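Start at 1 and go down the list; that is how both ligands and their atoms are numbered. Values in this document were obtained by computation on a predicted structure and should not be read as measured data.
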Amino acid sequence: MPMTENDNIMIVAVCLAANVPKIFRYAVPQNTELSPGQFVLVPFGRKKLPGVIWEAQRPWQKSDPPKDKLKSVEQIYDIPPLSEENRQFVDWVSSYVMSPQGAVLKLLLSVPDALAPEKPVTGWQVSDKRPSRMTDARRRVFASLLPGMTLRTGDLTEAASVSASTLTSLAKEGALIKSDLPAEILFGTPDPNYRRVQFSNEQTEAVTKLTDNLEKRGFRCYLLDGVTGSGKTEVFFEAIAAALANGKSALVLLPEIALTEQLLARFGDRFGCAPALWHSGLTPSERRRTWRAIAEGKVKVMIAARSGLFLPWRNLGVIVVDEEHDPGFKQEEGVIYNARDMAVVRGRLADATVILSSATPSLESYINARDGRYYLVKLSSRHGAAGMPDLSLIDMRLDPPARGQWLSPAMVSSMQDALNRGKQALLFLNRRGYAPLTLCRNCGHRYACSDCDSWLVEHRSKNIMACHQCGSVRDIPDKCEECGEVDCLTACGPGVERVLEEVGQVFPDKKAAVLSSDMVGQSGELQRQLKLIQNGEIDIIIGTQIIAKGHHFPELGFAGVVDADLGLGNGDLRAAERTYHTLLQVSGRAGREASKGTAMLQSYMPDHPVLQALIAGERDLFFEREAEMRSQSGMPPFGRLAGLVLSGQDLATLNHFARDLAAVIPTSDEVRVLGPAPAPIARIRNRYRLRFLVKAGKQAKVQQFIALWLSKIKIPSQIRLAIDIDPYSFL
Ligand code: ADP
Ligand code: ZN
């Protein structure tokens, strides 16, 4: 039989950057050789999708799709291939979080536009030569482009309201000079020796430990555990400097982009330039260029939100996870992952040093360090003279605020002291808005979201009521929607806006401001407020969770927690731990500089073990107690959990399917399945929600168990299933 060209057909496996269930096979175009890691464009249905060659090419086999059905790789991008380490990372994350490889690759290939090289930006200048002929359009060009000026094509065509062809024809005649402009520089080359810091003995020891491994170039994970203000940032900067000196790159992950500003300024002080940035606030062009620079190995240091872990990194030497205890590292939608844990995985694959940094480590990391899986580096004292603030509890049963108010007399007088000393005061309340609940005094009607199982929160500053689950808003009605009575709506409980109102009455001559995550969306608003605080233009700061994070308020003399009990009551596995962290972080805000500060917690249950541990300053004792409780009940980190959340618009269909799913739970000695139970928030965005909780021993293969379970049943198209390995949210 004569050989046809087709007989030599070669096949490659392509991982598409899309939420598709598997790796697909494509034909290699004639006279082309493809190797793993290359970025390609392939046809998929009616679309074209980017992807990465996942395995080496090989001849067509009988088990492959028939030759006439096979589609060819369409385009090969001119960009360095995705390294094996990155591909292993995608595979690893995919199998751990139980999302397809394509969905994980899509996180990594989040800027498909970056695969094509950047088009040079064209600039225009006038030359000495005049054009042969003048038109109105040409006249406008010369009116907009004065001698000595350079304008980009877009700017010039807009200013002169001409088309690009007018410019081209002028250039042909030599009347305009066209040139390629260098792209604007997004980040510089950090200099590890730009500014050296005089370290204390304890800090020096920490630096030595953290940098010890960088030259050996093997994986190592550290827990950098140091009180607020002890110099953790200065110390991990040295690890970054050491990585740079070794020709490696460094990645710093932060739980929240709002934190980057202060870290940026400090980074500049230490390294003499700006680092690369990665967060949701970048412009499309910044994203494209940053992604490409990473792919080309040109980024030395990046400060990033959790998604920065999913970039085509080359040559990573250090990964820092700052504020590692923060639940913000958990991505709760789409591919559900914990960036802190995945950073450790990435570090292992990259033979890099991983530094988890926190003043209040997560119990997981604390136990890992205690049991020797992570190297522990401790910083026990604050830099300079500052001591820990004096921390005390106010028993609200004995020292209650006046009716309709939220600040007890003791709190007010401590604030007054700090203000008298010329210091700032901070009040923490983790509740956005004016009041968490609104009800009708006449009929008792409570205002709830129509699509969610959740109360509406009044935001008086914007004159709306908002659902904090789905974000929907409505105007505040002037009469009750239930009974029609006018002027009868009552706000129940405090939010930060209400505390601001009270502060205004108690301290009428002081300037107060609210900081809350409501501001994060409004570009620049949070930064503006932080500036005002830094400049001492604000006396009293009232804030939500956002202020518990790494912001540095040097002039703070008092930190008060309005409701220390908030969060202790909820049934979440980590409720105690989280409350402990938050309260410790907030109280640690006071007195970071030379003078000692005061911190106070208001509570109706001051005997609660969490609050007692805080007051006693016995952090490790609290951790040990908490660890013992979790260990007895087989909870993480001593056991494993996975959540399965089913949701659907029709409750009957959902219940029915949940019963069917429950009927096929595989039997296992190591794994138990609890549920189905209505999720604590039983409805969000008009979808009902049911949960299963998979509880297993530490060594159990939870993913295998779930895969086996789900293989026994088909999920109806109206129902969505989200798998959450190592859940943080139980809502
Ligand atoms: P942490 O990250 O543990 O909260 P930081 O690194 O932010 O601590 O340090 C707190 C403050 O003390 C910062 O203003 C920092 O610049 C300063 N600081 C810490 N260590 C030193 C040092 N060795 N020399 C000079 N300033 C230091
Ligand atoms: Zn809602």
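- Below 4.0 Å from some heavy atom of Gln198 lie the following atoms of ligand 1, by number and element: 22 (C), 23 (N), 24 (N).
- Checked against Glu324 for a salt bridge (charged side-chain N to carboxylate O under 4.0 Å, His left out), the options Lys330, Arg340, Lys232 give a single hit: Arg340.
- For the residue pair Asp539/Gln424, the side-chain donor-acceptor check at 3.5 Å is not satisfied.
- In summary, the side chains of Ser362 and Glu577 do not present any donor paired with an acceptor at a separation below 3.5 Å, with no hydrogens or angles considered.
- Between the Zn ion (ligand 2) and His468 there is no N/O/S contact shorter than 2.8 Å.
- Interface atoms of ligand 1 facing Phe199, defined by a heavy-atom separation under 4.0 Å, are 23 (N).
- With salt bridges taken as basic N to acidic carboxylate O contacts below 4.0 Å, none links Glu364 and Arg373.
- Heavy-atom proximity to Val227, at under 4.0 Å, picks out these atoms of ligand 1: 3 (O).
- Ring to ring, Phe622 and Tyr580 are close: their centroids are under 6.0 angstrom apart.
- Checked against the 6.0 Å centroid criterion, the rings of Tyr366 and Phe623 qualify as a close aromatic pair.
- Within the cation-pi definition used here (under 6.0 Å to the ring centroid, within 45° of the axis), Arg270 does not qualify as a partner of Tyr194.
- Rounded to the nearest 10 degrees, the angle SG (Cys470) to the Zn ion (ligand 2) to SG (Cys449) equals 110°.
- Residue contacts with ligand 1: Leu379 is excluded, as none of its non-hydrogen atoms falls under 4.0 Å.
- For the ligand labelled ligand 1, residue Gly226 lies outside the 4.0 Å heavy-atom shell.
- Listed by atom number, the atoms of ligand 1 under 4.0 Å from Gly231 heavy atoms are 1 (P), 3 (O), 5 (P), 6 (O), 8 (O), 9 (O), 19 (C).
- Ring centroids of Phe271 and Phe237 are separated by less than 6.0 Å, placing the two rings close together.
- Polar contact check, Gly229 against ligand 1: a nitrogen or oxygen pair lies under 3.5 Å apart.
- Between Arg266 and ligand 1, an N or O atom pair is found at a separation short of 3.5 Å.
- Between Val197 and ligand 1, a contact under 3.5 Å exists for no N or O pair.
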